[in-house]
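Lettering follows sequence order; numbering is per chain, from 1.
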Amino acid sequence: VKLVDLRFEERGRVVLASLDGEVDMSNAEALRKALESNMPNDALGLVLDCTAVRYLDSAGIHLLFKLREQLRNRGQELRLVVPGNAPIADVLALADIPAAVGVADTVEAALDGMEPAADGESAPG
Amino acid sequence: MARKDEETSGEAFSQPGEGQVFLGTAGEAARLSPEQVAQVYRVGDPALSELPLEPLLEELLERIRAMLRVETTAILLIDDEGRELVARAGKGLEEEVERGVRIPIGRGFAGRIAAERRPIFIADVQHADVLNPILREKGIRSLLGVPLIAEGDLAGVLHVGTLTPREFTNEDAALLQLAAARAAPAITRARLFDALEREHRGAVALQRSLLPDRLPEVVGVSLAARYLPARDEVGGDWYDLIELQHGRVGIAIGDAAGHGVRAAALMGQLRTALRAYAVDGHEPSEVLARLDRLLRAIRVRGMATVAYGVLDPETGVLRLASAGHPPPVLVPASGKPRLLEAPSAPPLGTLAFSRYVDREIRLAGGEGVLLYTDGLIEVRGESLSEGLNRLLGTIRPGSSPETICQDVMRNLIPEGGAADDVAVVMCQSTPIPEKLDLRLPADPAVLAAIRQTLRRWLREVGADDDEVGAITLACGEACANAIEHAYPPVDSSFELEAFAGKGVVELTVRDMGRWREPRGENRGRGLTIIEAIMDELEVKPTKEGTEVLMRRRLGAGA
């Protein structure tokens, strides 16, 4: 069994990736590559749902910072979904993640405002 | 029967005429010469009945060819559906078998013999209604065929042919019919045996291929399992051990009703489906409800009893649901084993609306649960409770699952094998020592196992959910550091000790490498995390490497 499960969905022009499991130095790098390689060029951003992540250590924190950098270089935004009572909420706070990456309680809240309000033709921000 | 057929057009088959129906009776045989009688008896040689189907057919054809002095002989057997004849053996007509010639009952030479259950003689094949082109291609001129009938059932057709025109006589036909009458039961028996043998081999292979070839290794749980096919048949029993997300393990046992390939195939479908639902993370009761729906969708008449449980090694909590399966046995670390009466629910596939319920029990260290199929406890002429009592009496609490499975199979399976197949699977919550003292390879892959063990240990020493999460994280950071520091050729292993006393948890991580100042923000972050979580942190150089000592008081709040 894989330590962590990763599933992708498309929500309009935003990629929603859901993580389930644990992130440590044994899988963080592979996870980052999987996330990056599944980002189409025309995607506006990535919402990473960490609701079901029950362990994430400094290797995971590193992954999040690096992922944010990579996406930013491509003009794409990273947002996290981490409910306040999530097992990893404390470690994210310790590492100042909420100051660097948008964190929302729910997937809907994270998606909100990422898609341009007008439909269709508007150019990516 | 064999009427000499002079017709060259239209109905080319002979019709039975007055006094021309040959029956394989003693009276008819009495008209034969002693030599002919001896030949007929050679066809019914009891020694032949020992032969498997293929050699039996070959031998029969050889003897018949010699008896009637013909160039070709062939046997076609009726297929399982009873609609077609299939060429199974031939002398001088091997192509017929190689090409798998099939003749519909009622059509052509052999088909008519089968449909009308009487001998047919064709004097001139070239001008007769013969379906099988091989007969013409081989240049056969005359044919004589008789039905093979055993106990009133048509088994097939036996025919002989010549490459020069020949008028088969009534005696020839009588001889062939007698030979057929004597050969048919042996053919039927050999065929049945062959089919059973093939089915059995197939079913055994299927069953074997469906059972796990190795058991998963899950931290905090000991697992063992056994499967034993029935003495002479394959059944639909199975067990499964499934690694699930979050270090949990799924334990399944089931019994698809019936025997043979059908039961084994149903078992295979249910096993695969159970695995799929289990891996998706459903509760045991939900897995059973889905299986029940699936069974209805794939098969009208199929039934199975199943028990499925999910064990969380970290907490020892086992959630278990049963669909009409015999009650699991709770095996304590000491004391008497007892039956766990799961909330009763009917077997899968029996009621239109079934409701399955989860039962939750907590396994303390050393406690386990044994699941089994009814073949283990059912003995003909004995009540079920006798079998259950024998099972309970066989289990020695405190033994490993491996030993318990072995004992159970050794003591409850009669010599020479069981009448029904038997599956047994056991999980046991591994006893956890008061003090952890682990030596581990410096490989990132061990981190998950360390967390799994430590969480379990922390719960045993009284840590609450938040403390388990936080201390596990701090320990994970220290261990990751040790792994990063282990460079070959230095001994690439490290040690972890965990000890609790007076409400304080003390963890020590010792590596054999030189402590390096944290490089980059990543490792610096690890240290920050440890400092934030633990009350005390000491990093000391030792003779061999570095020791990281961490302490935290439990129950103090975060």
Side-chain angles (χ1 to χ4, degrees), chain A residues 1-9 17-33 49-70 72 80 82-101, chain B residues 216-219 241-250 275 278-281 312 314 442-452 454-455 465-470 472-484 518-533 558:
Chain A
V1 169
K2 279 187 294 182
L3 200 52
V4 75
D5 223 14
L6 174 59
R7 291 175 204 211
F8 291 98
E9 270 176 69
S18 305
L19 281 176
D20 181 354
E22 309 190 14
V23 182
D24 63 19
M25 71 187 280
S26 72
N27 62 10
E29 191 59 16
L31 208 49
R32 184 180 60 79
K33 284 181 181 154
D49 183 356
C50 300
T51 308
V53 176
R54 69 162 193 169
Y55 181 89
L56 182 135
D57 64 10
S58 55
I61 300 289
H62 184 63
L63 148 93
L64 294 177
F65 278 118
K66 204 163 171 190
L67 183 63
R68 184 196 66 155
E69 286 312 306
Q70 297 285 341
R72 193 154 62 183
L80 304 181
V82 184
N85 59 354
I88 65 165
D90 287 349
V91 70
L92 294 186
L94 265 177
D96 274 339
I97 286 280
V101 182
Chain B
E217 281 173 29
V218 180
V219 177
L241 291 160
I242 308 158
E243 287 183 76
L244 301 171
Q245 208 66 339
H246 305 307
R248 289 171 308 174
V249 59
R275 232 170 207 269
V279 165
D280 273 350
D312 183 351
E314 195 184 312
D443 177 349
V446 303
L447 288 169
I450 292 171
R451 293 196 293 273
Q452 188 86 340
L454 190 69
R455 286 177 187 134
D465 283 359
D466 287 345
E467 289 164 340
V468 169
T472 301
L473 177 59
C475 180
E477 294 293 351
C479 291
N481 222 347
I483 290 168
E484 284 201 326
R519 289 161 300 146
E521 44 180 1
N522 191 27
R523 294 264 46 101
R525 224 175 262 127
L527 210 56
T528 310
I529 288 171
I530 298 176
E531 278 170 338
I533 290 171

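Annotation: side chain of B:Gln245 is not in contact with side chain of A:Leu3 (no heavy-atom distance under 4.5 Å). At least one side-chain heavy atom of A:Phe65 sits under 4.5 Å from a side-chain heavy atom of B:Arg525. Taking the side chain as every heavy atom from C-beta outward, A:Asp24 and B:Arg451 approach each other to under 4.5 Å.
The side chain to side chain contact (heavy atoms under 4.5 Å, CB included) with A:Ser58 is formed by just one residue from the set B:Ile530, B:Ile529, B:Asn481; it is B:Ile529.
For A:Asp20, the parts sitting under 4.5 Å from any heavy atom of chain B are the backbone and the side chain alike. In this structure, the portion of B:Gln452 lying under 4.5 Å from any heavy atom of chain A is its side chain and not its backbone. B:Arg248 does not touch chain A: none of its heavy atoms, backbone or side chain, sits under 4.5 Å away. Residue A:Ile88 does not touch chain B at all, counting heavy-atom pairs closer than 4.5 Å.
Legend: salt bridge (Lys or Arg N to Asp or Glu O under 4.0 Å) pairs involving residues 56-70 of chain A, not counting sequence neighbours, sorted by first then second residue: A:Glu69-A:Arg72.
Across all non-hydrogen atoms, the minimal contact from A:Met25 to B:Pro444 is CG-CB, 3.8 Å.
Atom-to-atom distance recorded for A:Asp90:CG and B:Asp466:CG is 7.0 Å, nearest 0.5 angstrom. Expressed to the nearest 0.5 Å, how far OH of A:Tyr55 lies from OG1 of B:Thr472 amounts to 7.5 Å.
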